[in-house]
Structures are given as C-alpha cells and as structure tokens.
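Position 1 is the first residue of the sequence, and the numbers go up from there. Numbering of ligands and ligand atoms starts at 1, following listing order.
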Amino acid sequence: MTTAAASLIQALSTNNIDSFTAPDIRVYPASLYEGDGVKLLMVRTAEGRRLAAVGSGEFYDSLQGDNVDGGKLCPLTHENRLVLNRFVPYTKPQAFGTQIATMGLGDRLGLASPGHIQTVRGHNIRPILAQQSIRELNLTGRTYEDVLDAACFAAFQEGYKDGFGADGDHLKKHEDIEYALRLGFTMLTLDCSEYIDNTIGGLSAAEIEQKYAEVPADVRSRYESRYLEKSVAVGGTTLTISRDELVRDVLIYASSIDFMESIYRKYIAELNGAVDFEISIDETATPTSPEAHYIVANELKERGVTIFSMAPRFCGEFQKGIDYIGDIAQFEKELAEHAAIADHFGYKLSIHSGSDKFSVFPLIGKYTQGRFHLKTAGTNWLEAVRVVAKTNASLYRRMHQYALDHFEEATAYYHVTTDLSKIAPLDSVSDADLPNYMNEDNARQLLHITYGLLLQAKDENGNKVFADEFFSLLAEQEDVYAEGLRRHIGKHLELLGK
Ligand SMILES: O=C(O)[C@@H](O)[C@H](O)[C@H](O)C(=O)CO
C-alpha cells in the first residue's frame, strides 16, 4: 500500500483530514463520520472509491478491506454497504408518505447520486436515488443490489442526512416485487399496463355493449350503483360519469383495479407505511380520463387500498428525454382535475417520463400545490453522454454512430417519435459542437433509448466496446458530471417551484 494511503490513515486517526493532500488520493470531506468506535471517510484512490476506516469494535471489524498501518481501505462492496447500513442510519433508504414532494432520480450508471444529492440538498423535496425498472436492469446488466449499493454509498459520500428513497419501478411480476422488497426497497411502483384493455377504443358501440354484457352481473351492478350517472364534486371540479364513460372505464380498468388490490393485500397492507405504494397506469395507449382516474381511485378507497401516488397516462405525449408534446391548454385542464382527484383521495400525482417536461413543470407545481412525485431517469444518462461529448470527442462519435446503427432495435423498448433525418450528420459537426447534440430532441432520443445497447455492446472477442472507456472517463470527470446534473436537474426543480 502506498505511503499516501498510510498518510491518509494517519490523518484520519489524528483528525487532520482538512490538511491532508496527496496526488493520487481524493478525499470526500462531506463523508467524514465518527461513531461506534470508528472514523470513516470516503476517498478515491487509483483503484477507485474506498472507505477509509480507523478504530476498533464490531463496526470496524465488520468492514472488509486492505489493512494500512492501523487502518484499512474498504472497497464499495455490497457486503460493506450492508455494514454501513447497520451502523450509519442515514445511509439506508426510507419511505416518505404523501406530504412532501419527491423526485425519482433514476441512475442507470451508479454514478449520478452524488450530483443528485448536491442538487436537491436544501430544497423542499426528497430524492428517490435508487430508482430503476426491471427494463433498465435488463438493459444495463445491473441488479437491484447494485442500484441500492450505489445510492447508499452516495448518501454516505455526501453526508446526506435528509433521507432518500429506493423505488422498484414499473414492477409487474410477483417475483420482481418480492426481489425489491426483500432488498429493502422503500417504494414500489406497480405497473398495471398488462391489465389495462387498450382495445376498447377501437370497438364499435355494439361491440362494446356485447363486451360489457359479458362482465359478471355482480361486477356491473357494483360499478353501476356507485358511479352510473353520478356527479361527484372533487376540488373545484364536478365530474359526471355517463353510462358510456362508465362502460368504457369498467372494460378498460376493472381487471387492473383487481390486480392493484391483490398486490396491495399480499405485499403492502401489513407494512404500515414502510413502503410507498405507487400505481402506474401511464405506460399504456389509453389516456386516463379524469373520470376514469376518479373511478380507479374510489375503487381503491372502497377496497381499503392506501396508495402514495398515482401515475395516470396524461393527454398528449410524455416521451423520453424531451419536452411535453401536445395541447398545453387541454393538458392544463385535465391536470387540474387529476390533481384535484389525487388531493381528494389523499395521495400524490406521479409524473412519469418526467425528464425535461419544462413547458408544463410550472403547471404541475401549481396544480399539485407542490406535492407531487416526478420521475426521471433518461435525462440523467444523457447528462453523462453530454460529459462524453464535452471531454472525449472520439468516444462520443463512436457511441453516436453505434446508436444510429442500432436505433431500430432500441425502439422495441421505448415509444418515441424520433426523426433521425433531423439529426445533424456527425461529420458535419465539429468536436467543439458535439455537446449541442444533447440540446436537440431527436439526438437526445437517439442516445436515450440506446443506452442499454451502448453499455452492453461487445466486440467479436467478447470485450465491452464502450463501457470500460465510458466508465473510466466518467470517474475522471465526476465533477463535470455532478455540475451538469446540478445545472440540468436544478432547472427541473426551479420550474417546478422547488
Ligand atoms: O426507463 C425506464 O424503464 C424507467 O426509467 C421509466 O421510464 C421510469 O418510470 C420513468 O418514467 C423515468 O422518467
């Protein structure tokens, strides 16, 4: 072990970290922690980030690492993270309930959370740092253990004590729900899209009636007694549920409501608020009418299902990584009703694909009265791509070209309306102007949806084409990445009124 490491341990032992300097060791001073007989500090050595530890006792002995002259340097392993969780409470995720705004900050790389913490610190909003869907795990080759480890170590590195969450996002299967809950995830986003019938919109009136007649009589009777031709006052809005609307909504959502109830009863009900339960009906072709939102919400209430948030499918388009597409006046009208319904039933409105929806953020902050859940992920990956464009033109050009060559394959995973013909040809763009691609919608979506293909790409010898070079660059440029996130996610917060 180097003399610099020995000097580091010495400085930690004698409380002289402020005066410690070494050419190949970076210290993260905000991480400094003392407790249970241990002094602990996050550092970066040539081998990567490490926990520098001195002291004695169970906490010290539980940390696994390389001994260095009276201390040790511990790698950021899953096992060491679990030890950190046992002794340092603020490194564990928590649930937040419905009274404070929360922001999903999906980090597909395991590198974004320090910048996210620096962005939200001091704002009236709490970060869900460990947020990934199974789709993202499959595309990046990561596990939920990796996702949670990265977030917990980041909270330690930044000395962030305000609390953060961990969201098992867009979960559809029992085994995935059990996986996330077993690991201690504190938010569960139930994706109900497979139980939502999107075919109704294409049926004739006669076909709809026929289909409705096939619904069990007791089910039809229950819905009709509760909602048929009823007018309900919600906030300053009155919703009237016509027979056509009711028949349509029963056919579209009844099965999904049963699914929501079944998952709540099996996994959430007994947890006494330890897990925030989000209902996602956004990733579906059918926009959620305010009347349908009310029916779903009231059914959940009647069945004793308590939720943290609901993500409806809004009118218009919330596509990945770009601003809102649609009639903003219509969106505002319906948003006001959706927000009133959420407030009426005591949960938060959740905005999925929340990345970069700058034109509607002020409306969201206004109508939710600042109590919302906003979900982002792709934009955080794109800020990393921006770092590549700024600092390694060759790598960016190779990634950009690979994305172009594999774009069609990626459209299987995400709905986008990208027009590749509008993306400036690479050979027409100077190195200095490469970062501008991250300001153009079509290029943003090109790089957004191909993230998994880029990170997992391998050559004929099975070697990673981009990943090693990419992660090495992001480690070297960690401050540039954090600054980019502070700027870009900070713009999200500012427009949301946070
Ligand atoms: O890519 C994913 O699967 C997730 O990030 C998903 O898109 C997420 O729920 C979201 O809406 C992020 O904006």
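- Contacts of Glu278 with ligand 1, taken as heavy-atom pairs under 4.0 Å, are absent altogether.
- We find that Asp431 and Arg397 are joined by a salt bridge, their nearest charged nitrogen and carboxylate oxygen being less than 4.0 Å apart.
- Close approach to Gly354 involves these atoms of ligand 1, each under 4.0 Å from a residue heavy atom: 13 (O).
- The protein heavy atom nearest to atom 7 (O) of ligand 1 is Lys320 NZ, 2.5 Å.
- Not one N or O of Tyr451 is nearer than 3.5 Å to an N or O of ligand 1, by distance alone.
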Assess whether salt bridge (Lys or Arg N to Asp or Glu O under 4.0 Å) is satisfied between Asp479 and Arg26, documenting all intermediate values. CA-CA 12 Å; Asp479 291 339; Arg26 172 176 187 169; 3.0 Å; yes
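- Atom NZ of Lys301 has 12 or fewer neighbouring heavy atoms from other residues, nucleotides or ligands inside a 6.0 Å radius.
- Residue Glu270 places its CD atom among 12 or fewer non-hydrogen atoms of other residues, nucleotides or ligands, all under 6.0 Å distant.
- With respect to atom 11 (O) of ligand 1, the closest heavy atom belonging to the protein is Ser353 N, 2.7 Å.
- Sparse packing is recorded around CD of Glu194, with 12 or fewer heavy atoms of other residues, nucleotides or ligands lying under 6.0 Å away.
- Under 3.5 Å, the side chains of Thr379 and His488 contain a donor-acceptor pair of N or O atoms.
- Scanning the protein for heavy atoms near atom 1 (O) of ligand 1, the closest one is Tyr414 OH, 2.6 Å.
- For the residue pair Ala155 and Phe164, the shortest heavy atom distance occurs at CB-CE2, 3.6 Å.
- In this structure the side chain of Phe407 reaches within 4.5 angstrom of the side chain of Val416, judged on heavy atoms.
- Under 4.0 angstrom from ligand 1, the non-hydrogen atoms of Arg135 all belong to its side chain.
- Residue Lys375 approaches ligand 1 through these ligand atoms, each under 4.0 Å from one of its heavy atoms: 9 (O), 12 (C), 13 (O).
- Considering backbone and side-chain atoms alike, Asp169 places an N or O below 3.5 Å from some N or O of ligand 1.
- For ligand 1, the atoms sitting less than 4.0 Å from at least one non-hydrogen atom of Ala377 are 5 (O), 12 (C), 13 (O), numbered in the order shown with element in parentheses.
- In summary, the atoms of ligand 1 found under 4.0 Å from a heavy atom of Glu136, numbered by their order in the structure, are 1 (O), 2 (C), 3 (O), 4 (C), 5 (O).
- Proximity of His170 to ligand 1, defined as any heavy-atom pair under 4.0 Å, is confined to the side chain (atoms from C-beta onward).
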